[in-house]
There are 2 protein chains.
Amino acid sequence: MALTRQDVLAAAVAILDEYGLADLSMRRLGDALGVRAGALYHHVPNKQTLLAWIADGVLASVPRPAAPWRPGLAAWAADLRAALLAHRDSAELVASARAMGLAENDAAADAAALLGAAGLPAPDAAAAASTLVHFVLGHVVQEQARLEWERFGKPDPDRAPTATQASFTLGVGLILDGIAAHLPR
Amino acid sequence: MALTRQDVLAAAVAILDEYGLADLSMRRLGDALGVRAGALYHHVPNKQTLLAWIADGVLASVPRPAAPWRPGLAAWAADLRAALLAHRDSAELVASARAMGLAENDAAADAAALLGAAGLPAPDAAAAASTLVHFVLGHVVQEQARLEWERFGKPDPDRAPTATQASFTLGVGLILDGIAAHLPR
DNA sequence: ACCTGAACACCGTTCAAGT
DNA sequence: ACCTGAACACCGTTCAAGT
């Protein structure tokens, strides 16, 4: 049977989860599917786009934020972090795809809309939403880099998982407090 | 005359500024210095470390934040952004080096100390400082990716430089307001 | 339409051998 | 000590040729 775009995507995610982004090459992906690397180009325009599709899949798994804005965005930030942590190196993947403008899923748009509905002027709402997204991505990129490092290095004891969780909650709280200060009271 | 570590670093920065991170290869760097790629390994342990040195150089050019904390951190965030914008693709470079734990310069430490002196408990100060750093890096990564894209693509008109500047100021203000809400009053 | 085989133009890194 | 020449083990992508 001929290969499907979905097969390629699924195999790519499997390699990502098991071996990490550095080991996700077109040749290796071809091997996993029993096909030459060149054959993949019948199903995917290029590697960059394939990675963007994976990023979109991760983002699509995040429930949209719901009113009221404050607990809604707190839960959304936690959901986004959880979705990223569910796939190895995916924070870097998503950050790259977003930076290159290849991610279809605009993660910040829903959050900005929620804040707009809560009374924040549009430019502030967009800036606030992207601040939150930058923080979550930056934080999880750091977390996953540490995980990669621990995977075959010394597990440095000075930063426990509880501390990284706590600093995430603190950072989100900080940003939400900043948003609250900008809302009409 | 024999090559110096400083020569290698300077040539690497020159290639980065002129051709971008994607074109900064050991072979190309060797060409620029009139030497084979293999010879570079007498002066640099590996490419990753070379990139980390460049990142540290960029960070070292940022003036340390000074009291009082609020205008001090606002100026510091702007200085950090300016230092990053001064070298092509350097935000991604710094973000990667930091994530891999290779950057000697801990950009957030001074900011955290400043906030500690202002009365913020240590864990909050560290979280606040790293929130600010994540935001600045994330924002400039996005800015520079857009610049790369415009360098040989369509200059999309829907996001002017003034808008990106404004959203930076808004994001920083948001975070500083969040910090203020956490300080003893 | 889908895939193979083979190539093209690259990578980072190592290392014997020369000076 | 520093560098060359050459290799090793890879990359992403293209494309004539087969089915």
Side-chain angles (χ1 to χ4, degrees), chain A residues 1-16 18-55 88-89 92-93 96-97 99-103 145 148-149 152-153, chain B residues 1-16 18-55 88-89 92-93 96-97 99-103 145 148-149 152-153:
Chain A
M1 259 304 289
L3 234 46
T4 281
R5 174 179 294 192
Q6 290 308 321
D7 298 333
V8 177
L9 245 167
V13 172
I15 291 178
L16 184 70
E18 202 162 349
Y19 304 100
L21 186 56
D23 283 0
L24 176 48
S25 70
M26 297 302 276
R27 286 178 149 86
R28 178 147 196 169
L29 184 52
D31 284 352
L33 291 164
V35 111
R36 294 272 165 154
L40 298 173
Y41 290 83
H42 287 277
H43 307 100
V44 163
N46 50 55
K47 188 184 178 183
Q48 213 172 76
T49 301
L50 172 62
L51 295 181
W53 288 348
I54 299 177
R88 196 165 157 185
D89 292 336
E92 194 183 329
L93 199 77
S96 292
M100 293 197 274
L102 291 174
E148 286 304 304
W149 210 68
F152 65 121
Chain B
M1 258 306 288
L3 234 46
T4 282
R5 174 179 294 192
Q6 290 307 323
D7 296 333
V8 177
L9 245 167
V13 171
I15 292 177
L16 184 70
E18 201 160 351
Y19 303 101
L21 186 55
D23 284 359
L24 176 48
S25 70
M26 296 303 276
R27 284 176 150 85
R28 178 144 195 171
L29 183 51
D31 283 352
L33 291 163
V35 112
R36 294 270 162 155
L40 298 173
Y41 289 83
H42 285 278
H43 307 99
V44 164
N46 51 54
K47 188 184 178 182
Q48 214 172 75
T49 301
L50 173 62
L51 295 181
W53 289 347
I54 299 176
R88 196 164 156 186
D89 292 336
E92 194 183 328
L93 199 78
S96 293
M100 294 198 272
L102 291 175
E148 285 305 304
W149 210 69
F152 65 121

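Since we're looking at a predicted model, the values are computed, not measured. Heavy-atom basis, side chains included; hydrogens, waters and symmetry copies ignored. Reminder, nothing fancy here: chain letters follow the sequence lines and each chain counts from 1.
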**Request:** For D/dC10 versus C/dA9, give the span between their P atoms, rounded off to a whole number of Å.
**Result:** 22 Å
**Message:** Under 4.0 Å from OP1 or OP2 of C/dA1: is there any side-chain N or O of A/His43 that close?
**Reply:** no
**D/dT4 - base-pair partner by Watson-Crick or wobble geometry, distances under 3.5 Å** = C/dA16
**Request:** Take atom OH of A/Tyr41 and atom P of C/dC8, then tell me their distance rounded to the nearest Å.
**Result:** 18 Å
**Request:** Indicate yes or no for a side-chain donor-acceptor contact from B/Thr4 to the backbone of B/Asp7 under 3.5 Å, with no hydrogens or angles considered.
**Result:** no
**Request:** For B/Leu33 and D/dC3, give me the distance from atom CG to atom P, rounded to whole Å.
**Result:** 9 Å
**Prompt:** Rounded to the Å, how far apart are B/Met26 CE and D/dC10 C1'?
**Reply:** 16 Å
**Asked** Between A/Leu3 and A/His42, does a side-chain contact (heavy atoms from CB on, under 4.5 Å) hold up when you go through it step by step?
**Response** CA-CA 9 Å; A/Leu3 234 46; A/His42 287 277; over 6 Å; no
**Item:** First encountered from the 5' end of DNA chain D, between B/Val35 and A/Lys47
**Value:** B/Val35
**Item:** Donor-acceptor pair present, B/His42 side chain and D/dC3 base, under 3.5 Å
**Value:** yes
**Request:** To the nearest Å, give me how far apart CG (A/Leu24) and C1' (D/dC10) are.
**Result:** 15 Å
**Item:** Distance, nearest 0.5 Å, that separates CG of B/Leu51 from CG of B/Leu102
**Value:** 9.5 Å
**Request:** Could you tell me the separation between the CZ atom of B/Arg28 and the C1' atom of C/dC10, rounded to a whole number of Å?
**Result:** 12 Å
**Request:** Select from B/Arg27 and B/Met1 the residue whose nearest nucleotide in DNA chain D is closer to the 5' end of that strand.
**Result:** B/Met1
**Message:** Does A/Ala39 reach a base, just sugar-phosphate, or nothing at all? Heavy atoms under 4.0 Å.
**Reply:** base
**Prompt:** To the nearest angstrom, how far is A/Asp23 atom CG from D/dC10 atom P?
**Reply:** 10 Å
**Asked** What is the distance, rounded to the nearest whole Å, between atom CG of B/Leu40 and atom P of D/dC3?
**Response** 9 Å
**Request:** If D/dA9 has a Watson-Crick or G-U wobble mate with both distances under 3.5 Å, name it; if not, just say none.
**Result:** none
**Request:** Tell me which nucleotide among D/dT13, C/dT13, D/dC3 gets nearest to the side chain of B/Leu3.
**Result:** D/dC3
**Prompt:** Does the side chain of B/Leu24 reach to within under 4.5 Å of the side chain of B/Asp89, using non-hydrogen atoms?
**Reply:** no
**Interatomic distance where CG belongs to B/Asp31 and C1' belongs to C/dC11 [whole Å]** = 13 Å
**Message:** Side chains of B/Leu40 and B/Leu33, heavy atoms from C-beta outward: is any pair under 4.5 Å?
**Reply:** yes
**Asked** So, is A/Arg36 close to the C/dG5 phosphate, meaning a side-chain N or O under 4.0 Å from OP1 or OP2?
**Response** yes
